[in-house]
Protein chains: 2
Amino acid sequence: MKTVNEVSKLTGVSIRTLQYYDSLGLLAPAARTEAGYRLYDDTALERLRQIMLFRELDFPLSEIKAILDSPHFDRNDALTRQIELLRLKKERLERIIALAEDMKQKGDTDMDFEAFDSKVIEEYAQRAKEKWGGTPQYEEYEQKHGGETAEEQKSAADEFMELFAQFGALKDKPADSPEAQEMTAKLKAFITEHYYTCTDEILYSLGQMYAAEGEFRTNIDRAGGEGTAGFVSRAIAVYCGK
Amino acid sequence: MKTVNEVSKLTGVSIRTLQYYDSLGLLAPAARTEAGYRLYDDTALERLRQIMLFRELDFPLSEIKAILDSPHFDRNDALTRQIELLRLKKERLERIIALAEDMKQKGDTDMDFEAFDSKVIEEYAQRAKEKWGGTPQYEEYEQKHGGETAEEQKSAADEFMELFAQFGALKDKPADSPEAQEMTAKLKAFITEHYYTCTDEILYSLGQMYAAEGEFRTNIDRAGGEGTAGFVSRAIAVYCGK
DNA sequence: CCTTGACCCTGACGTAACGTAAGGGTGTAT
DNA sequence: ATACACCCTTACGTTACGTCAGGGTCAAGG
C-alpha cells in the first residue's frame, strides 16, 4: 500500500493529479487510513498505467473513465489498439522530424505541412473508441463487427498486405492507369469495410504516410517490392484529384 | 496571400486558433483587406511552421513568442535543437510502446513506469530555452557557452561518443568496479559541462534510456561494442545508489 | 438590384486538466 | 512539546483553445 507521495515519485504523476483523478472517480485509492490518507495497491497502479497510456494518446479523462469502466472492457484488446495508435503517433513524429531536417538543409520555400497531419490517427482512435463503448455507437459497432474473432482480424491484416502486393505487380504502369485506379478504389473500400470510414481526404492522408520514410513504407515495399509505397501514394493522389 | 480558411485547410490549424494567435501577437497576418480580413503570405506561413514545431514539443505559446521575437533568434540553431528534442520524444514513445507490448505479453505484475519518464527531455528543453533567451537566464548562458562555434559543438558530440567507447573497453568488468564508477562520474561531469546540469536523478533517467531499445542504444553499442549501453546503464544505476 | 450562401470579423463565455495557495489535521523523531 | 514532513479539502487561477452570438463582406445567380 503506497501513499500519494510514493505513487507520485514512482510514476511521475503529481499528487494533485492523483487527488483530481480520485475526485473524478477515474482512479480511486484502494483504501484510506483513519485520517483519510489515500492508499494505493497494485491494482490501482495497474489502472493508473492504463490511464497513462490513454493519456499518451490524448484521450480525454472522461472517455478514459468510460472505457475502463465499461463492462465490455478487455485489457488485451485495449493494449493491442493502444500499441497501434502509439505506432501511428511515432510515425507522425518521424515525419515531422524529416520535415524539420528538410527545413534545415534547404531553405525549403515550398510550404509543406503534410507532416503535421493527424487525420489518420484521429480516425483510427475514433474507431477504437466506438469499439470500446466509450461512445454510444458501441451497439452499432457490435452488430457490424462483433462476431469477428482474433483470427479473422489477423487474416484481415494479411489481406491488407496482399493488396499492396497486387499494387506492386502494377508499379511499372502509370499511376493514373485504369488498373492502378481500380486498385486504389479497392484499397479504399477495404479500409472502410475493415477499419474506419475512409473518405478521400483520409485516403490522401494515408497516401502521404505511405510515401514518407518509416515502418509503413518499409512494410509496403516488402509486400510489393521496392518503390511500391511511392507508387501507391501517387495512385492515391490521382484518385483524390491530386 | 491566403485567407484564414485557406491557411487552415493547408495547415490543419483551426481558424479560431489563427485568430487567437493573432490576438496574442504570436502570428500576425501579413496584411488585412479593407474589410479587415486577415491575409497571410509565405513569411507568415514559415513562422506558423516554426510555431507548430514548438507546439509539438509542448512549449507554451508565451515562450514560443519570446523565442521567435528574440533578437538572438537563429532559425538554424532552433531547428537543430528542435530536431534533437523531437528525437528524444520519439525515443520516449518507443519505450512506451515497448512497455505496452510487455504488458500485453506477460501479465507484467512488476510495476514499471520508467518508460513514461520525461525528465531528460524536460531538462534538455530547459537548456534550449535558456539558450534561446525565452527566459532571463540567457545572459548567463551566453557568458558560459557564448563563444562556442559549430565545430566546437560537433567535437563535443564526438567526445561524448568517445566516452562510450571508453566504457566499451571496460564492459567485461563488473558495473560496480572502481573503473566503471569513475567513468560514470566522468560522464556525468561531461553532460553537466556541455549540455545541462546533470543530477543523479537525471543521470539515472538517462541510464534507463540508454538501455531501452532505440537509437540511443544503437549508437552507444556502435561506439563501444555490443552490450555497452546495457553496461553503462548498470554502472549508472550503481552510481546513483540504484 | 437584390438575395443567397459561403466567408469573415469581434466579443463573450465555456471547458479540460491540472497548478497554486490557503487553512488546517497527522505522525513520528527529537 | 515542538518541529517537520506529510496529508486533507476547498477554492481560485491558467492555458489554449471551442463554441456561440451578432453582425459585416462578396461573388454568383435570378
Side-chain angles (χ1 to χ4, degrees), chain A residues 1-40 44 47-48 50-68 116 118 122 125-126 129 134-135, chain B residues 1-40 44 47-48 50-68 116 118 122 125-126 129 134-135:
Chain A
M1 291 294 223
K2 297 188 169 67
T3 68
V4 273
N5 196 348
E6 288 161 348
V7 173
S8 175
K9 274 172 185 154
L10 176 64
T11 63
V13 173
S14 79
I15 293 177
R16 187 57 183 76
T17 299
L18 289 171
Q19 295 170 341
Y20 180 58
Y21 286 179
D22 187 10
S23 80
L24 293 181
L26 175 59
L27 178 68
R32 295 260 195 161
T33 68
E34 291 156 40
Y37 289 22
R38 273 166 264 254
L39 293 174
Y40 296 84
R47 182 168 170 121
L48 177 53
Q50 274 291 336
I51 293 170
M52 289 173 78
L53 281 177
F54 279 118
R55 285 264 52 196
E56 204 59 45
L57 299 167
D58 300 308
F59 278 46
L61 298 182
S62 57
E63 280 178 20
I64 299 178
K65 179 169 154 56
I67 292 169
L68 291 179
F116 292 104
S118 55
E122 275 153 30
Q126 190 53 44
K129 284 173 192 171
T135 72
Chain B
M1 291 293 224
K2 296 188 169 66
T3 68
V4 271
N5 196 348
E6 288 162 348
V7 173
S8 175
K9 274 172 186 155
L10 176 64
T11 64
V13 172
S14 80
I15 294 178
R16 187 59 184 76
T17 299
L18 289 171
Q19 294 170 341
Y20 180 58
Y21 286 0
D22 187 10
S23 81
L24 293 181
L26 175 58
L27 177 68
R32 295 261 194 158
T33 68
E34 292 158 41
Y37 288 23
R38 272 166 264 254
L39 293 174
Y40 296 83
R47 184 168 170 120
L48 177 53
Q50 275 291 336
I51 293 171
M52 289 173 76
L53 281 178
F54 279 119
R55 286 263 47 193
E56 205 59 44
L57 299 167
D58 302 307
F59 278 46
L61 298 182
S62 58
E63 278 178 19
I64 300 178
K65 180 169 153 55
I67 292 168
L68 290 179
F116 291 103
S118 55
E122 274 152 32
Q126 191 52 43
K129 284 172 193 170
T135 71

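Residue numbers begin at 1 in each chain, while the letters A, B, ... track the order of the sequences.
Here the C1' atom of nucleotide C:dT26 and the CZ atom of A:R32 are 14 Å apart, to the nearest Å. Whole-Å rounding puts the B:L26 CG to D:dT15 C1' distance at 13 Å. A straight line from CG of B:D58 to P of D:dC17 spans 11 Å, rounded to a whole angstrom. Distance, A:K9 NZ to D:dC6 C1': 10 Å, rounded to whole Å. Atom NZ of A:K2 and atom P of D:dC6 are 17 Å apart (whole Å). The CG-P distance, from B:L24 to D:dT14, rounds to 15 Å in whole Å. The distance between atom CG of A:D22 and atom P of D:dT10, rounded to the nearest whole Å, is 12 Å. What separates CD of A:E34 from P of D:dC8 is a distance of 15 Å, to the nearest Å.
Contact between the side-chain N/O atoms of B:R55 and the OP1/OP2 oxygens of D:dC17 is found at a separation under 4.0 Å. For A:T33, no side-chain nitrogen or oxygen approaches OP1 or OP2 of D:dC7 to under 4.0 Å. Residue B:Y21 places at least one side-chain N or O closer than 4.0 Å to OP1 or OP2 of D:dC17. Regarding contacts with the backbone of D:dT9, every side-chain N or O of A:Q19 stays at 4.0 angstrom or more from both OP1 and OP2. Phosphate proximity of C:dC9 to B:R38: present, with a side-chain N or O under 4.0 Å from OP1 or OP2. Proximity of B:T3 to the phosphate of C:dC8: a side-chain N or O atom is located under 4.0 Å from OP1 or OP2. OP1 or OP2 of D:dA5 has not a single side-chain nitrogen or oxygen of A:N5 nearer than 4.0 Å. Residue A:R16 has no polar side-chain atom (N or O) positioned under 4.0 Å from OP1 or OP2 of D:dT9. Between B:S14 and D:dG18 there is a side-chain N or O to OP1 or OP2 distance below 4.0 Å.
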Test side chain to side chain contact (heavy atoms under 4.5 Å, CB included) applied to B:R47 and B:L68, step by step: CA-CA 8 Å; B:R47 184 168 170 120; B:L68 290 179; 3.9 Å; yes

Steps toward side chain to side chain contact (heavy atoms under 4.5 Å, CB included) verdict (A:I64, A:R55): CA-CA 8 Å; A:I64 299 178; A:R55 285 264 52 196; 4.0 Å; yes

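Listed nucleotides C:dG27, D:dA16, C:dT10 differ in distance to B:L61; the shortest reach to its side chain belongs to D:dA16.
Heavy-atom nearest nucleotides on DNA chain D were determined for B:I15 and for B:Y37, and the one closer to the 5' end corresponds to B:I15.
With respect to A:P29, the side chain to side chain contact (heavy atoms under 4.5 Å, CB included) criterion is satisfied by exactly one of A:L18, A:V4, A:D22, A:V7: A:D22.
Using a 4.5 Å cut-off on side-chain heavy atoms (C-beta onward), A:Y37 and A:T3 make no contact. In this structure, the side chains of A:L61 and A:Y20 come closer than 4.5 Å at one or more pairs of heavy atoms.
For B:Y20 and D:dG18, a side-chain-to-base donor-acceptor distance below 3.5 Å is absent, hydrogens and geometry of angles not being considered.
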